[in-house]
Amino acid sequence: MGVMSGPYVIRGSVSLPEAELMWRFSRSSGPGGQHVNTSDSQVELRFDVAATEALPEVWKARALERLAGRLVNGVVAVRASEHRSQWRNRETAAVRLASLLAEATAPPPKPRRKSRIPRGINERRLREKKQRGDTKRGRSGRDW
């Protein structure tokens, strides 16, 4: 089997720690013909978010909070079984985990600052509303 293609970068200089990844292989449903019954091509990749040393503390706290629904005892699991070869499934799983963590550790978005509406614009809007109302009022043939 070839070498895994490089460290999977989460963001910046932080990447998935090879040593902390727990792999599990099992038989996969899906394509593969007769070969499928004998090969363990489905990949389950598990990563202990709670115990990892690879993530900065701030990131870790963020990830634990955001992935709360997906974690089982602080461990996040990713499955891949769409390819016929185990190796490609491993790639897929690792990339998926990396992007999942990248999303979960991203800094929170900046709070939105309300923009001021210039007074002139508001006044113009009110003027136009009034005009429109007058036009409509003028349509009912009574004189007010």
Side-chain angles (χ1 to χ4, degrees), residues 1-33 36 39-144:
M1 194 194 285
V3 183
M4 294 290 288
S5 64
Y8 292 93
V9 177
I10 296 174
R11 207 171 51 252
S13 58
V14 182
S15 53
L16 281 179
E18 208 59 64
E20 293 181 25
L21 300 180
M22 297 168 279
W23 297 93
R24 237 182 56 214
F25 307 104
S26 51
R27 302 219 171 123
S28 168
S29 62
V36 80
S39 64
D40 293 342
S41 60
Q42 174 171 283
V43 171
E44 187 183 346
L45 173 56
R46 296 179 34 223
F47 178 65
D48 194 338
V49 183
T52 184
E53 295 295 310
L55 298 177
E57 281 306 311
V58 197
W59 288 25
K60 193 149 86 168
R62 264 186 226 149
L64 287 170
E65 188 184 331
R66 291 193 189 154
L67 296 174
R70 287 196 61 159
L71 296 175
V72 182
N73 300 334
V75 178
V76 66
V78 177
R79 269 215 171 99
S81 61
E82 49 271 30
H83 301 296
R84 281 183 61 165
S85 82
Q86 184 195 94
W87 190 71
R88 279 175 61 199
N89 279 333
R90 286 176 71 143
E91 292 280 303
T92 309
V95 169
R96 242 183 238 165
L97 182 62
S99 66
L100 182 74
L101 287 174
E103 223 167 273
T105 57
K110 288 203 174 76
R112 180 184 175 297
R113 287 182 43 205
K114 290 202 298 208
S115 56
R116 289 263 341 245
I117 297 175
R119 209 167 81 214
I121 289 182
N122 212 11
E123 284 173 358
R124 189 178 72 197
R125 181 180 63 89
L126 293 173
R127 246 200 333 274
E128 284 170 0
K129 269 170 80 82
K130 197 150 220 50
Q131 218 171 3
R132 190 95 186 118
D134 291 345
T135 307
K136 290 185 171 187
R137 198 173 298 128
R139 289 184 186 148
S140 64
R142 296 196 298 281
D143 19 6
W144 296 89

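Index from 1, following the sequence.
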**Study point:** Closest heavy-atom pair and its distance - Asn89, Ala80
**Key:**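 Closest pair (atom of Asn89, atom of Ala80, distance): O-CB, 3.4 Å.
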Exercise for review: Looking only at non-hydrogen atoms, find the nearest pair between Ala94 and Leu45 and report the distance.
Suggested key: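 Heavy atoms of Ala94 and Leu45 come nearest at CA-CD2, 3.7 Å.
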Supply the atom-to-atom distance [X] [atom1] to [Y] [atom2], rounded to the nearest 0.5 angstrom.
X      : Y      : atom1 : atom2 : answer
Phe25  : Glu44  : CZ    : CD    : 10.5 Å
Arg124 : Gln131 : CZ    : CD    : 12.0 Å
Arg79  : Ser26  : CZ    : OG    : 6.5 Å
Lys130 : Arg132 : NZ    : CZ    : 14.5 Å
Arg116 : Ile121 : CZ    : CD1   : 11.0 Å

Point to revise | Neighbour count >12 (heavy atoms, 6.0 Å) for atom CZ, Arg139 | key: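 Atom CZ in Arg139 is crowded, with more than 12 foreign heavy atoms closer than 6.0 Å.
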Check your understanding: Counting only heavy atoms not in Leu126, do more than 12 sit closer than 6.0 Å to its CG atom?
Key ->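 Check passes, neighbour count above 12.
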Check your understanding: Pick from His83, Arg24, Gln86: which one makes a side chain to side chain contact (heavy atoms under 4.5 Å, CB included) with Val43?
Key ->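 Of all the options given, the one that passes is Gln86.
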Check your understanding: Hey, are Arg125 and Asn122 close enough side-chain-wise for a donor-acceptor pair under 3.5 Å?
Key ->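 There is such a pair (donor and acceptor under 3.5 Å, judged by atom type) between the side chains of Asn122 and Arg125.
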Exercise for review: Output every pair passing salt bridge (charged side-chain N to carboxylate O under 4.0 Å, His left out) with a member in residues 93-110, not counting sequence neighbours, ordered by first then second residue.
Suggested key: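 Only Glu82-Arg96 qualify under salt bridge (charged side-chain N to carboxylate O under 4.0 Å, His left out).
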